[in-house]
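Each residue takes its place number in the sequence, starting with 1. Atoms within a ligand are numbered from 1 in the order they appear, just like the ligands themselves.
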Amino acid sequence: MTDTYADERPAASTDFDAIVVGAGFAGLYALHKLRDQMGLRVRVFEAGDGIGGTWYWNRYPGARCDIESLHYSYSYSFSPELQQDWEWSEKYASQPEILAYLSHVADRFHLREDIAFGTRVTSAVWDEEHAHWQVGTQHGASVTARYLISAAGNLSVPKTPEFDGIDSFAGEVYLTGTWPHEGVDFTGKKVAIIGTGSSGVQAITEIAKHASHLTVFQRTPNYATPLQNEPSDPNRVAAIKANYPSVREASRNTRVGIPYDKVLPSALAVTPEERRRVFDECWDEGGFRFFLGSFEDILVDKAANDTIAEYVRERIRQRVSDPAIAEKLTPTDYPYGTKRPPYETNYYETFNCNNVTLVDVSGAPITTITETGVRTTDAEYDDVDVVVLATGFDAMTGPLLEMGIVGRGGRTLADKWADGPHTFLGLSVHGFPNLFLVTGPQSPSVLYNMPLAIEDHVDFLSDAIEHLQRNGLDTIEPTSQAENGWVAQTNEIAQHTLLPETDSWWMGANIPGKPRVCMVYLGGAAVYRGICADVVANNYEGFTLAAEGSAARERASAHIS
Ligand code: FAD
Ligand code: NAP
């Protein structure tokens, strides 16, 4: 551990220099960077009993990443040695393998010793007198720190079940987002699963292999396309490892952190034959290549979108034997890619199995989980042993609003964000000094290969802290003007896409009553990184950097005397 700033720092006036909330990809890297590279005193609070975040909580059968583990690198890039040492066994790693990777990272960099597990942060109040954060936990502890870093994730608060009667259900109920560590044995059981997003699609395919019967409750059919997972190819591994820096550089300089070099400008500018050839190629390659690797205008031009949407519909119809079931599984009333597309392995074929039933609840919503099953407005589905809720998350803002954050003048973040998030760059908030949001709302976040998005933000915030310290300053806070400009820019970019048309968690539309705004900066990672670099180069343009609080006053009076 190096202590670069020890000589420059005043005697400690806070319990810690930085408090980090969360120990997933973001929290682990933030701890390593701030503690080991900058010599700060850091405490991490993690609600779970172990490291891993998403990969600690989401242990449902079939859980795996859908950004390639190796080539496009769903992994850290900060340590060349780590990058060379770690071996991924599959193109898309499974949840246990990603958790093992993060566990290796935690051990390799001795991170666990500074993490308080099983400790949820329940309040974080800015103390103007001392210019520091007062952070409270579920266990009643209260500690102070100059900087508060939310590494609390975008998809870490499962949506509260909307159905009456869950407590009366006689069998077992599981949420994909808080899956039991010991696993669930579905053998011979009658299972009901609600939700057909990415989690549901993965879980359905696996649970159907073991359950005696699986009933799938679908409200909106999805455009799920093949993952095309396979074991890692040693030749490809060797080629990537020989060129990792350039692979990472290429990834960072694209829209979503995945370097597709064959994207054509418009689906409408080519012949139908050429279009089909491109879609076939992307389909065969699988994963995000199909979503974002064909034509540039898929998410902005409805006519271009129609071509890919129709292609997927055709594929679904080919794969499902019963035309009536195929029709139910085929999305028709929203554009492709305006809900986050799931990636699958034999998902549609699962509905050809005798032990799987599809129930379309789009016209007859689920109202109640009864003692024995699921009730919709027009039917009862009884004799269920296990209910699985794959109903998603209070995404992006949920984890931040649950943390009890209070800024200048006693204003809560919940009050400030009553009509949706207001941030500068998706990583800072006016009125909330020294608060950093790693992959916060209005940053590229969930539409940027997330380990890279996380590293970019942690690097930005640690550079900002270093800048403050070098210049004898205490606080960094965006101006309201910069923040308003960013919010307007984020919304304006979204309006140029097809995303606002559809009810999705990207739009906050999956939670009843949640403000409907685009939660993601859609200008792309490369553009966003350029904007952040300019902010830094222009002496943190858009931020106010100040000496304030009792430490500043002490420094000033020591200087005068
Ligand atoms: P998280 O991993 O969510 O960690 C946040 C941690 O903060 C959690 O452990 C939580 O317990 C803790 N926390 C939250 N609030 C508090 C509090 N108040 N007090 C204390 N602790 C708190 N992204 C991709 O780029 N590619 C993928 O293939 C991909 N697959 C995914 C699959 C699933 C099933 C899910 C749910 C998400 C997936 N994501 C994927 C997104 C994924 O969340 C990110 O890739 C990444 O893991 C986020 O890391 P994080 O550290 O920012 O947040
Ligand atoms: P999700 O995409 O929000 O899907 C939730 C599902 O539950 C939807 O089908 C939704 O239907 C349904 N649902 C919610 N409330 C319902 C209700 N009251 N009645 C009936 N159905 C209801 O959530 P998720 O599947 O957990 O995925 C969230 C995100 O996590 C993904 O988009 C992705 O970013 C990430 N993820 C990634 C992977 C991966 O492969 N790497 C895997 C899992 C998750 P409606 O569409 O009608 O709302």
Next on the checklist: For the 3.5 Å polar cut-off, considering only N or O atoms, please tell me whether Phe25 and ligand 1 meet it.
Outcome noted: yes
Checklist entry - Counting heavy atoms only, which part of Lys159 comes closer than 4.0 Å to ligand 2: side chain, backbone, both or neither? => result side chain
Item to check | Those atoms of ligand 1 less than 4.0 Å from some heavy atom in Ser156 | outcome: 3 (O)
Checklist entry - Which of the numbered atoms in ligand 1 are below 4.0 angstrom from a heavy atom of Val21? => result 16 (C), 17 (C), 18 (N), 19 (N), 20 (C), 21 (N), 22 (C)
Checklist entry - Any N or O on Cys65 sitting closer than 3.5 Å to an N or O of ligand 1? => result no
Checklist outcome for this item: A student comparing Ser199, Ala395, Ser198 should find that the heavy atom closest to atom 38 (C) of ligand 2 comes from Ser198
Next on the checklist: So, applying salt bridge (charged side-chain N to carboxylate O under 4.0 Å, His left out) with Arg41, which one of Asp17, Asp114, Asp15 is it?
Outcome noted: Asp17
Checklist outcome for this item: Closest to atom 34 (C) of ligand 1 by heavy-atom distance, out of Tyr60, Phe288, Tyr74, is Tyr60
Checklist entry - Where does the angle between the aromatic ring planes of Tyr343 and Phe288 fall among parallel (under 30°), tilted (30 to 60°) and perpendicular (over 60°)? => result tilted
Item to check | ligand 2 atoms in contact with Gln202 (distance to a heavy atom under 4.0 Å) | outcome: 39 (C), 40 (O), 42 (C)
Checklist entry - Is it true that Thr196 lies under 4.0 Å from ligand 2, counting heavy atoms only? => result yes
Checklist entry - Parallel, tilted or perpendicular for Tyr147 and Phe436, by the 30°/60° rule? => result tilted
Item to check | Atoms in ligand 1 flagged as close to Gly22, the criterion being non-hydrogen separation under 4.0 Å | outcome: 6 (C), 7 (O), 12 (C)
Checklist entry - Given that the side chain starts at C-beta and the backbone is N, CA, C, O, which of these parts of Leu155 lies under 4.0 Å from ligand 2, counting heavy atoms, or is it both or neither? => result side chain
Checklist entry - Which atoms from ligand 2 have a heavy atom of Gly195 less than 4.0 Å away? => result 6 (C), 7 (O), 9 (O), 12 (C)
Next on the checklist: Could you tell me if Arg248 and Ser75 have a donor-acceptor pair between their side chains, going purely by distance under 3.5 Å?
Outcome noted: yes
Checklist entry - Atoms of ligand 1 less than 4.0 Å from Gly53 heavy atoms? => result 1 (P), 2 (O), 4 (O), 8 (C), 9 (O)
Next on the checklist: Can you confirm whether the side chains of Gln202 and Tyr60 place a donor and an acceptor under 3.5 Å from each other?
Outcome noted: yes
Item to check | Aromatic ring pairing Tyr334/Tyr223, orientation class (parallel under 30°, perpendicular over 60°, tilted between) | outcome: perpendicular
Item to check | Taking atom 28 (O) of ligand 1 as the reference point, the nearest protein heavy atom with its distance | outcome: Asp66 N, 2.7 Å
Item to check | Distance-only N or O hit between ligand 2 and Tyr60, under 3.5 Å | outcome: no
Checklist entry - Mind checking whether Trp55 and Tyr101 have ring centres under 6.0 Å apart? => result no
Checklist entry - Is the shortest distance from a heavy atom of Phe163 to ligand 2 less than 4.0 Å? => result yes
Checklist entry - Taking the non-hydrogen atoms of Val438, is any one of them nearer than 4.0 angstrom to ligand 1? => result no
Next on the checklist: Is it the case that ligand 1 has an N or O less than 3.5 angstrom from some N or O of Trp57?
Outcome noted: yes
Checklist entry - Does the side chain of Glu90 come under 3.5 Å of the side chain of Ser232 through a donor N or O and an acceptor N or O? => result no
Next on the checklist: Please check whether Trp505 reaches ligand 2 - meaning an N/O of the residue sits under 3.5 Å from an N/O of the ligand, judged on distance alone.
Outcome noted: yes
Item to check | Ligand-side contact atoms (ligand 2) for residue partner Phe393, heavy atom cut-off under 4.0 Å | outcome: 26 (O), 28 (C)
Next on the checklist: I need the atoms of ligand 1 closer than 4.0 Å to a non-hydrogen atom of Thr54, numbered in the order shown.
Outcome noted: 1 (P), 2 (O), 3 (O), 33 (C), 35 (C), 36 (C), 37 (C), 42 (C), 43 (O), 47 (O)
Checklist outcome for this item: One finds that the ligand 1 atoms under 4.0 Å from a non-hydrogen atom of Thr119 are 20 (C)
Next on the checklist: I need the contact type for Phe217 against ligand 2. Using non-hydrogen atoms and a strict under-4.0 Å cut-off, is it side chain, backbone, both or neither?
Outcome noted: neither
Next on the checklist: Show the atoms of ligand 1 that are less than 4.0 angstrom away from any heavy atom in Ala152.
Outcome noted: 5 (C), 7 (O), 14 (C), 15 (N)
Next on the checklist: Once you restrict to heavy atoms under 4.0 Å, what part of Tyr343 touches ligand 2? Side chain, backbone, both or neither.
Outcome noted: neither
Checklist entry - So among Thr220, Thr338, Asp333, which one has a side chain to side chain donor-acceptor pair (under 3.5 Å) with Thr502? => result Thr338
Checklist entry - Knowing that exactly one of Tyr76, Trp86, Trp88 qualifies, which makes a ring pair (Phe, Tyr, Trp, His ring centres under 6.0 Å) with His104? => result Trp86
Checklist entry - Can a non-hydrogen atom of Pro399 be found less than 4.0 Å from any atom of ligand 1? => result no
Item to check | For Arg64, the ligand 2 atoms whose distance to one of its heavy atoms is below 4.0 Å | outcome: 39 (C), 40 (O), 41 (N)
Checklist entry - Taking atom 46 (O) of ligand 2 as the point of reference, which of Lys339, Arg219, Glu344 owns the nearest heavy atom? => result Lys339
Item to check | Nearest non-hydrogen protein atom, atom 19 (N) of ligand 1 | outcome: Val121 N, 2.8 Å
Checklist entry - Should Trp55 be listed as contacting ligand 1, given a heavy-atom distance under 4.0 Å as the test? => result yes
Checklist entry - Do Trp126 and Trp133 make the cut of ring centroids closer than 6.0 angstrom? => result yes
Checklist entry - What do you reckon, does Tyr56 put a non-hydrogen atom under 4.0 Å from ligand 1? => result no
Checklist entry - Heavy-atom contacts under 4.0 Å between Cys65 and ligand 2: side chain, backbone, both, or neither? => result backbone
Item to check | Atoms of ligand 2, numbered as shown, that sit under 4.0 Å from any heavy atom of Glu162 | outcome: 15 (N), 17 (C), 18 (N)
Checklist outcome for this item: Quick look: Ala390 vs ligand 2, heavy-atom contacts under 4.0 Å, and the answer is backbone
Checklist entry - Which protein non-hydrogen atom lies closest to atom 53 (O) of ligand 1, naming both residue and atom, and how far is it? => result Gly153 CA, 3.2 Å
Item to check | Option nearest atom 4 (O) of ligand 2 (shortest heavy-atom distance, choices Gly197, Gly177, Pro158, Gly287) | outcome: Gly197
Item to check | The one among Gln138, Arg120, Glu46 that brings a heavy atom closest to atom 6 (C) of ligand 1 | outcome: Glu46
Item to check | Ion pair Arg252/Glu455, N-O distance below 4.0 Å | outcome: yes
Next on the checklist: Students often mix this up, so state it plainly: with edges at 30° and 60°, are the rings of Tyr74 and Phe25 parallel, tilted or perpendicular?
Outcome noted: perpendicular
Checklist entry - Can you tell which of Gly62, Ala151, Gly24 gets a heavy atom nearest to atom 5 (C) of ligand 1? => result Ala151
Next on the checklist: Distance under 4.0 Å to a non-hydrogen atom of Met403: what atoms of ligand 1 satisfy this?
Outcome noted: 18 (N)
Checklist entry - Polar-atom distance check: Phe393 versus ligand 1, any N or O pair below 3.5 Å? => result no
Next on the checklist: Over 60° means perpendicular and under 30° means parallel, so tell me whether Tyr528 and Tyr521 are parallel, tilted or perpendicular.
Outcome noted: tilted
Item to check | With Asn154, the side chain to side chain donor-acceptor pair (under 3.5 Å) member among Thr397, Thr439, Thr54 | outcome: Thr439
Checklist entry - Aromatic rings Tyr29 and His32: how do their planes relate, parallel, tilted or perpendicular, breaks at 30° and 60°? => result tilted
Checklist entry - Ring centroid separation for Phe217 and Tyr381, is it under 6.0 angstrom? => result yes
Next on the checklist: Need the ligand 2 atom indices (1-based, order shown) with element for anything under 4.0 Å from a heavy-atom of Asp66.
Outcome noted: 39 (C), 40 (O), 41 (N)
